[in-house]
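Accompanying notes for the structure given below.
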Amino acid sequence: MEDVFARKKARFPYIPGLLAFREGHAIISAIGKLTVAPDLVLIDGQGIAHPEGFGIASHIGVILGIPTIGCAKSRLVGEYEAPGSMKGNWTYLYHRGAKVGAVVRTRSFVKPLFVSPGHLIDIESSVEIVLECTSGFRIPEPLRAADRLSRKLRNDYSGQSPALDK
DNA sequence: GCGACAG
DNA sequence: ATCTTGTCGC
């Protein structure tokens with residue numbers, strides 16, 4: 001009950017539009033280790049609101065054949081009208097004339113989130129689910145938990161045997 | 001050439 | 001993403 005979090009060194013740089021090539025494997029690998037198959041996975045990044053209409057959430061969903069929602073803290077592509085200031089308010093995100101996602105206010109008077117379908121789900125359901133797992137903070141609880149865990153593991157491993165840098 | 005640009 | 005100073009509200 002240790003190596004399930006074996007350290008992985010990113011071998012691909014962060015390039016807007018190519019996030020899946022940097023973090024895709026680690027995510028798929030992690031999901032593969034779950035003992036309970038998830039009904040749906042929230043991904044920190046874009047779904048179809050992407051230059052090629054296929055962000056990291058789309059990659060994960062298609063490869064694993066499960067529903068996924070892209071939930072990003074900032075915009076990659078698309079135009080939109082600012083949503084109302086209150087929690088729950090949202091507007092559609094458009095790109096090249098098509099609806100590709102939503103700009104969602106997950107907390108009153110705070111910068112909105114960019115939600116877009118990854119796989120096997122539509123825009124409205126994606127917004128509904130993101131809002132359902134958000135309370136008190138701007139970021140949905142599943143992503144907050146993931147951030148806390150990844151940060152702790154990264155700090156705990158820092159400076160340790162480079163041999164773990166598989 | 002200049003500005004935009006998930007994490 | 002990371003770093004960092006100052007301010008705000010519970």
Side-chain angles (χ1 to χ4, degrees), chain A residues 5 7-31 40-64 66-83 85-87 90-123 126-127 129-131 133-160 165:
Chain A
F5 290 130
R7 186 177 182 190
K8 298 290 183 180
K9 185 174 181 178
R11 298 163 186 281
F12 197 86
Y14 166 67
I15 299 175
L18 301 183
L19 181 61
F21 291 119
R22 179 182 175 75
E23 309 188 344
H25 171 74
I27 296 174
I28 290 174
S29 172
I31 294 176
L40 175 154
V41 180
L42 253 186
I43 300 294
D44 191 337
Q46 312 290 348
I48 62 174
H50 176 276
E52 303 302 320
F54 209 71
I56 191 169
S58 307
H59 281 260
I60 307 299
V62 171
I63 292 175
L64 299 181
I66 58 178
T68 58
I69 294 174
C71 187
K73 296 181 287 298
S74 59
R75 185 198 77 104
L76 176 58
V77 297
E79 310 79 50
Y80 63 97
E81 215 160 73
S85 306
M86 308 308 286
K87 175 179 180 179
W90 63 276
T91 56
Y92 283 108
L93 175 65
Y94 299 85
H95 185 51
R96 295 176 178 172
K99 283 182 183 175
V100 297
V103 184
V104 187
R105 196 77 71 179
T106 52
R107 181 175 179 176
S108 298
F109 311 110
V110 169
K111 191 196 302 181
L113 250 35
F114 294 76
V115 176
S116 60
H119 192 49
L120 304 176
I121 191 169
D122 58 34
I123 297 175
S126 296
V127 171
I129 290 176
V130 165
L131 285 172
C133 52
T134 300
S135 66
F137 301 88
R138 176 190 181 225
I139 307 301
E141 211 50 47
L143 294 185
R144 297 210 337 125
D147 274 359
R148 288 193 297 261
L149 179 56
S150 62
R151 175 155 10 199
K152 181 188 190 321
L153 292 173
R154 185 256 276 151
N155 290 330
D156 288 356
Y157 271 114
S158 72
Q160 289 307 310
D165 289 7

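Numbered from 1 within each chain, the chains take letters A, B, ... in sequence-line order. Just so it is clear, the values below take in all heavy atoms, side chains as well, and ignore hydrogens, waters and symmetry mates.
Rounding to whole angstrom units, NE2 of residue His50(A) and P of dG7(B) are separated by 13 Å. Whole-Å rounding puts the Leu76(A) CG to dC5(B) C1' distance at 7 Å. Taking atom NE2 on His95(A) and atom P on dA6(B), their separation rounds to 13 Å, with Å as the unit. Protein atom CZ of Arg151(A) is 14 Å distant from nucleotide atom P of dG7(B), rounded to whole Å. Whole-Å rounding puts the Asp147(A) CG to dT2(C) C1' distance at 13 Å. In this structure, the OH atom of Tyr14(A) is 10 Å from the P atom of dA1(C), given to the nearest Å. Whole-Å rounding puts the Arg154(A) CZ to dC3(C) P distance at 7 Å. One can place CD1 of Ile15(A) at 12 Å from C1' of dC5(B), the figure rounded to the nearest angstrom.
Atoms CZ and CG, from Arg138(A) and Leu143(A) in turn, are 11.0 Å apart once rounded to the nearest 0.5 Å.
Within 4.0 Å (heavy atoms only), Ile27(A) reaches no atom of the nucleic acid at all. Looking at heavy-atom distances under 4.0 Å, Gly70(A) makes no contact with the nucleic acid at all.
Ile56(A) pairs in a side chain to side chain contact (heavy atoms under 4.5 Å, CB included) with only one of the listed residues (Asp44(A), Leu18(A), Ile43(A), Thr68(A)), which is Ile43(A).
Side chain of Ser74(A), nearest nucleotide from dT2(C), dG7(B), dA4(B): dG7(B). Residue Gln46(A) places its side chain closer to dA6(B) than to any other of dG7(B), dA6(B), dA4(B). Checking dG7(B), dA6(B), dT2(C) against every side-chain atom of Pro16(A), the shortest atom distance belongs to dA6(B).
A tilted orientation is assigned to the rings of Phe21(A) and Phe12(A), their planes being inclined by 30° to 60°.
Ile123(A) and Gly101(A) get closest at one heavy-atom pair: CD1-N, 3.6 Å.
Not one side-chain nitrogen or oxygen of Arg75(A) sits closer than 4.0 Å to the OP1 or OP2 atom of dA6(B). Applying the 4.0 Å criterion to OP1 and OP2 of dA6(B), one finds that Lys73(A) has every side-chain N and O outside that range.
Here the side chains of Pro51(A) and Val77(A) are in contact, with some heavy-atom distance below 4.5 Å.
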